[in-house]
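Notes follow the structure.
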Amino acid sequence: MARLRLGILISGRGSNLQALIDACAAPGFPATVALVISNKAEAAGLDRAHAAAIPTRVISHREPDFEAAMDAALRDAGVELVCLAGFMRILGASFVNGWRDRLINIHPSLLPAFPGLETHRRALAAGVAVAGCTVHFVRPELDAGPIILRETVPVLPGDTEASLAERVLAAEHRLYPAAVRLIAERLAKGDGSAVSLPPD
Ligand code: GRF
């Protein structure tokens with residue numbers, strides 16, 4: 001089967017991008033990274049893409065028609081699934097609806113709990129015993145959309161935002177490739193408002 005062509009949108013460090021690059025390098029993984037787009041020229045994730053010889057584009061959110069430019073770049077590269085990986089802009093409805101059920105995001109909480117920023121600080125303040133991360137199809141509403149996979153991690157005594165973030169990030173790096181694999185193998189499908197998944 002042809003490998004699913006991924007377009008990955010980043011703004012910074014790119015550790016989830018790296019997890020996807022590494023997964024795609026494994027023999028038999030059913031996806032390949034066709035293009036990385038950053039809205040920031042200084043994003044460290046661009047170096048990760050360059051090191052893997054993956055085409056990159058920098059498209060600043062200050063450009064007029066920034067989302068239309070991203071859309072065109074993704075389509076020109078033959079991208080079939082767009083993965084947000086630490087992309088720090090909220091995308092407009094036109095872009096999101098244009099990629100409906102072909103646009104996914106990873107978020108560092110167990111959605112629908114703690115959407116938005118500073119998830120670990122809020123999770124610790126709420127006293128939750130379990131934290132985690134979520135991969136979901138993107139809808140115009142922030143951190144909403146059908147959930148594809150979640151992974152839980154424990155909150156441990158003495159955890160700080162940094163220690164919890166590190167534990168969740170390790171889970172993110174497992175979860176994102178797993179979700180991409182499910183979609184590439186057509187086992188997870190965005191289906192209007194729900195995701196169909198295979199039985200366990
Ligand atoms: C991750 O925690 C991701 O869940 C969130 O932003 C962070 C990006 O980290 N959306 P990285 O750039 O992938 O290292």
Side-chain angles (χ1 to χ4, degrees), residues 6-25 31 33-52 54 56-61 70 81-92 95-96 99 103-126 128 130-155 159-183:
L6 309 180
I8 303 184
L9 271 48
I10 63 168
S11 298
R13 174 178 61 179
S15 71
N16 279 290
L17 164 65
Q18 189 68 58
L20 290 170
I21 291 172
D22 293 347
C24 289
V33 184
L35 179 65
V36 172
I37 299 178
S38 175
N39 65 313
K40 301 248 182 199
E42 68 277 16
L46 288 169
D47 298 332
R48 301 177 188 267
H50 296 151
I54 293 165
T56 62
R57 290 278 308 272
V58 175
I59 303 177
S60 169
H61 55 274
M70 287 202 302
L81 179 69
V82 179
C83 305
L84 306 182
F87 184 69
M88 298 304 287
R89 306 297 302 182
I90 295 174
L91 291 163
F95 184 94
V96 170
W99 289 91
L103 171 61
I104 63 176
N105 180 45
I106 188 156
H107 181 77
S109 77
L110 295 173
L111 290 173
F114 309 119
L117 298 175
E118 303 200 318
T119 55
H120 305 306
R121 184 181 60 71
R122 288 186 288 138
L124 289 171
V128 296
V130 176
C133 50
T134 305
V135 179
H136 63 97
F137 285 107
V138 175
R139 295 292 182 260
E141 303 75 34
L142 181 68
D143 296 328
I147 289 171
I148 302 162
L149 285 178
R150 300 194 297 178
E151 182 171 332
T152 59
V153 304
V155 178
D159 258 343
T160 61
E161 271 184 72
S163 64
L164 182 56
E166 187 182 341
R167 194 173 311 119
V168 171
L169 194 63
E172 293 183 42
H173 297 162
R174 293 187 289 272
L175 197 69
Y176 219 172
V180 167
R181 175 189 280 280
L182 280 179
I183 294 168

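Sequence positions, counted from 1, serve as the residue numbers for this chain. Read the numbers this way: they start at 1 and go in the same order the structure lists the ligands and their atoms.
Using a distance-only test at 3.5 Å, with no hydrogens or angles considered, no donor-acceptor pair links the side chain of R139 to the main chain of P146. Formation of a donor-acceptor pair under 3.5 Å by the R150 side chain with backbone atoms of H136 is not found in this model.
When only modelled atom types and interatomic distance are considered, H107 and T119 share no side-chain donor-acceptor pair under 3.5 Å.
The 4.0 Å heavy-atom shell around ligand 1 contains residues R13, G14, S15, N16, G86, I106, H107, P108, E172, ordered by chain and number.
Atoms CD1 and CG, on I183 and L81 in that order, are 5.0 Å from each other to the nearest 0.5 Å.
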Run the numbers on F114 and V128 for side-chain contact (heavy atoms from CB on, under 4.5 Å), then give the verdict. CA-CA 11 Å; F114 309 119; V128 296; 4.1 Å; yes
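Within a 6.0 Å sphere centred on CG of L142, heavy atoms belonging to other residues, nucleotides or ligands number more than 12.
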